Amino acid sequence: MKNDVRNATANLNIDDYINEQITHIKQTVGNKKVLCAMSGGVDSSVSAVLTHKAVGKQLTCIFVDHGLMRKNERDEVEAVFKGEFDMNLICVNAADRFLKKLEGVTQPERKRKIIGEEFIRVFEEQAKVYGDAEYLVQGTIYPDIIESGSGESSVIKSHHNVGGLPDLVNFKEIIEPLRLLYKDEVRKVGLALGIPEKLVNRQPFPGPGLGIRVIGEITKQKLDILKDADYIIREEISNAQLECNVSQYFAVLTDLKSVGVSDSNRTYDYTIALRAVSTDDFMTARWVRLPYELLEHISNRITTEVPNVNRVVYDITNKPPATIEWE
Ligand code: XMP
């Protein structure tokens with residue numbers, strides 16, 4: 001599928017699309033080996049499963065755990081792709097080396113660059129281990145192609161994804177089985193391939209992960225606080241069955257400490273900010289009017305269950321002027 005242009009109104013038959021892609025991948029790859037950088041996100045997961053359907057164990061997926069994933073994320077990815085789908089999945093535990101590189105770094109753009117570069121380095125090392133792989137699978141989707149084609153707009157944030165890999169690693173060809181699909185179609189393909197709904201309908205998660213949701217310097221302690229707080233907001237939005245009404249929701253660990261009180265004692269601890277937005281295209285977004293009772297419940301849970309947090313605030317800013325992520 002080399003053609004980069006599609007007719008937006010064309011009606012896509014999902015089963016036909018899957019079968020065409022499987023045939024195409026089989027023909028391209030033959031009996032050679034394939035690598036895939038799997039992030040656990042929707043696009044790379046669907047690309048990997050589609051490729052796995054075509055070439056089975058010739059495909060090896062590499063999941064770089066940079067320690068900036070959400071709570072339990074790595075386990076979930078392993079359970080689905082290794083457990084249910086029986087795919088070759090290598091999880092590289094690189095959390096310590098990412099933290100070391102990020103020591104003392106506070107500037108958002110610098111963090112993004114470091115995380116992006118280190119990701120490539122870890123992947124490169126792994127690619128050498130599987131040096132006989134000739135093909136690389138990427139989860140590029142149609143909006144990625146359109147966006148990268150428009151060179152006029154200024155860079156507000158340098159988005160990190162695995163787009164830079166092929167330049168550094170010597171592959172014969174890049175396989176992009178979703179390059180002509182919009183996000184909703186990618187989800188349909190994912191469901192048709194039997195990927196669990198929970199994973200397919202996942203909210204977007206930025207490449208630099210929690211690295212851009214810990215404001216200021218990233219430390220293991222701050223990451224642990226954020227993971228626990230973020231888990232609570234996700235759990236409560238799910239319990240309230242609001243996942244479909246909110247495009248993206250998460251916690252941010254601000255770099256702000258303030259005075260509080262606990263059991264008649266003074267505390268001086270972190271402030272967690274909650275963010276929940278609805279959007280069609282992520283270029284603009286509105287903050288979601290979550291019910292006060294739900295916000296109160298989340299706040300109570302975070303301040304009682306997560307150590308070192310004594311204050312929770314709710315971000316009531318649209319995009320623009322704010323962006324969705326805080327960094
Ligand atoms: P912003 O913060 O720019 O976010 O309003 C818009 C959407 O993009 C996601 N985002 C990223 N995704 N790498 C990514 O893959 C990044 O560096 C990155 N920064 C922001 C953000 O989560 C939101 O969905």
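Please read all numbers here as calculations on a predicted model, not as lab measurements. Note that ligands are numbered from 1 as they come in the structure, with each ligand's atoms numbered from 1 the same way.
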Student: Number the atoms of ligand 1 from 1 as they appear, then name those within less than 4.0 Å of a heavy atom of T323, with their elements.
Tutor: 1 (P), 2 (O), 5 (O)
Student: Report the C-alpha separation of S262 and T267 in whole Å, then their side-chain angles, then the decisive distance to 0.1 Å, and conclude whether the side-chain hydrogen bond (donor to acceptor under 3.5 Å, both in side chains) test is met.
Tutor: CA-CA 7 Å; S262 170; T267 59; over 6 Å; no
Student: Can you list the ligand 1 atoms lying under 4.0 Å from a non-hydrogen atom of P208?
Tutor: 13 (N), 16 (C), 17 (O)
Student: May I ask you to say whether R74 pairs ionically with D65, meaning some side-chain N is under 4.0 Å from a carboxylate O?
Tutor: yes
Student: Does any N or O of ligand 1 fall below 3.5 Å from an N or O anywhere on G207, backbone included?
Tutor: yes
Student: Please report, to 0.1 Å, the donor-acceptor pairs under 3.5 Å made by any side chain of residues 187-199, with sequence neighbours excluded.
Tutor:
from, atom 1, to, atom 2, distance (Å)
R187, NH1, V200, O, 2.7
R187, NH1, R202, O, 3.4

Student: So between R112, K319, R275, K111, whose heavy atom ends up nearest atom 16 (C) of ligand 1?
Tutor: R112
Student: Return a yes/no value for I324: is any of its N or O atoms, backbone included, closer than 3.5 angstrom to an N or O of ligand 1?
Tutor: yes
Student: Could I get the full list of side-chain contact (heavy atoms from CB on, under 4.5 Å) partners for V261, not counting sequence neighbours?
Tutor: none
Student: Would you check whether R213 has a nitrogen or oxygen atom less than 3.5 angstrom from a nitrogen or oxygen atom of ligand 1?
Tutor: no
Student: Please determine whether the number of non-hydrogen atoms from other residues, nucleotides or ligands lying under 6.0 Å from atom CG of D132 exceeds 12.
Tutor: yes
